[in-house]
Amino acid sequence: MQRPVHFEIHVADAERAVAFYRSVFGWTINKWDGPWEYWLVGTGTGPGIDGALVGRRGPAPAADAPVSAYVVTMDVAACDDAVTAITQHGGSIALPKMAIPGVGWLAYGKDTEGNIFGVMQNDTTAK
């Protein structure tokens with residue numbers, strides 16, 4: 001079976017994005033010692049994937065543009081706390097918290113670079 005093993009988040013301002021993701025999710029982010037600017041992202045231990053921040057090549061997505069890339073969703077302990085952290089650290093909410101019946105609570109945020117991502121709290125009683 002094929003599965004995701006890495007992700008890249010395209011950014012215009014790496015330092016700003018690093019601060020956002022460290023603050024909101026506690027990720028470990030370190031600049032790669034390679035031939036171009038690339039920031040390696042460690043999301044934690046256990047099941048999941050790691051990724052990177054990479055410089056955006058072209059304009060940022062328009063504020064009202066449809067999703068034109070993969071949306072990576074993070075497992076969070078509390079959707080409400082994640083939504084609060086997103087807005088407190090310069091992000092915004094693209095899709096307010098909603099129930100996914102029998103699965104959990106989902107919200108979409110926008111990071112400081114305009115990228116959309118999901119946060120999901122597992123809760124089989126959600127309706």
Side-chain angles (χ1 to χ4, degrees):
M1 178 182 330
Q2 302 289 311
R3 68 179 190 86
V5 295
H6 185 76
F7 62 83
E8 289 181 336
I9 301 171
H10 293 241
V11 301
D13 184 332
E15 297 287 345
R16 181 175 63 199
V18 166
F20 177 83
Y21 282 103
R22 281 180 177 158
S23 297
V24 173
F25 296 114
W27 288 352
T28 302
I29 305 175
N30 297 299
K31 190 170 182 188
W32 179 52
D33 188 24
W36 61 86
E37 188 169 315
Y38 200 75
W39 297 76
L40 298 173
V41 175
T43 61
T45 58
I49 61 173
D50 292 332
L53 304 176
V54 61
R56 187 182 305 285
R57 296 182 184 187
D64 61 346
V67 175
S68 60
Y70 291 98
V71 173
V72 176
T73 299
M74 273 62 74
D75 180 36
V76 297
C79 192
D80 290 332
D81 291 348
V83 166
T84 298
I86 290 163
T87 58
Q88 284 181 339
H89 294 286
S92 62
I93 302 305
L95 175 71
K97 176 184 162 184
M98 61 184 281
I100 307 298
V103 176
W105 299 97
L106 172 71
Y108 277 5
K110 280 191 179 182
D111 68 9
T112 54
E113 308 305 303
N115 296 302
I116 294 175
F117 61 92
V119 291
M120 169 69 79
Q121 173 189 340
N122 291 322
D123 180 357
T124 57
T125 66
K127 35 180 157 163

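Linking Ile, Leu, Val, Met, Phe, Trp and Tyr residues whenever their side-chain heavy atoms come within less than 4.5 Å leaves Trp105 and Val119 in two separate clusters. Cluster membership for Trp32 and Val18, using ILVMFWY side-chain heavy atoms within less than 4.5 angstrom, is not shared. Val5 and Leu40 fall into different hydrophobic clusters, defined by Ile, Leu, Val, Met, Phe, Trp and Tyr side-chain heavy atoms under 4.5 Å apart, directly or through other members. Side-chain heavy atoms closer than 4.5 Å link hydrophobic residues (I, L, V, M, F, W, Y) into clusters, and following such links, possibly through other members, connects Ile86 to Phe7.
By the 4.5 Å heavy-atom criterion applied to side chains, Asn122 and Thr124 are not counted as neighbours. In this structure the side chain of Met120 reaches within 4.5 angstrom of the side chain of Val103, judged on heavy atoms. Residues Arg56 and Asn115 form a side-chain contact, since some pair of their non-hydrogen atoms from C-beta on lies under 4.5 Å apart. Taking 4.5 Å as the limit, every side-chain heavy atom of Met74 sits out of range of all side-chain heavy atoms of Val24. Side-chain atoms of His6 and Ile49, non-hydrogen and from C-beta on, never get closer than 4.5 Å to each other. Looking only at side-chain heavy atoms (C-beta outward), Asp81 and Val76 stay at 4.5 Å or farther from each other. Side-chain contact check for Trp39 versus Glu15: some heavy-atom pair is nearer than 4.5 Å. A heavy-atom distance below 4.5 Å is found between the side chains of Ile29 and Tyr21.
Residue Thr87 comes nearest to Ile93 through the heavy atom pair CG2-CG1, 3.9 Å, listed as atom of the first residue, atom of the second, then distance. For Asp50 against Thr43, the heavy-atom pair with the smallest separation is OD1-N, 2.9 Å. Nearest heavy-atom pair, Gln121 versus Ala78, reported as atom, atom and distance to 0.1 Å: OE1-CA, 3.5 Å. Heavy atoms only, all atoms of each residue included: Glu113 and Arg16 are closest at OE2-NE, 2.9 Å. The shortest heavy-atom contact between Ala14 and Glu37 is CB-OE2, 3.4 Å. Of all non-hydrogen atoms in His89 and Thr112, the two that sit nearest each other are O-CG2, 3.8 Å.
Here salt bridge (Lys or Arg N to Asp or Glu O under 4.0 Å) pairs that include residues 89-101, with residues two or more places apart or in two chains, are Asp80-Lys97.
His10 NE2 to Leu53 CG: the interatomic distance, rounded to the nearest 0.5 Å, is 10.0 Å. Taken to the nearest 0.5 Å, the CD1 atom of Ile116 stands 9.0 Å off from the CG atom of Leu95.
A parallel orientation is assigned to the rings of Trp27 and Phe25, their planes being inclined by less than 30° (bins at 30° and 60°). Ring orientation note: the planes of Phe117 and Phe20 are nearly perpendicular, at an angle over 60° on the 30°/60° scale.
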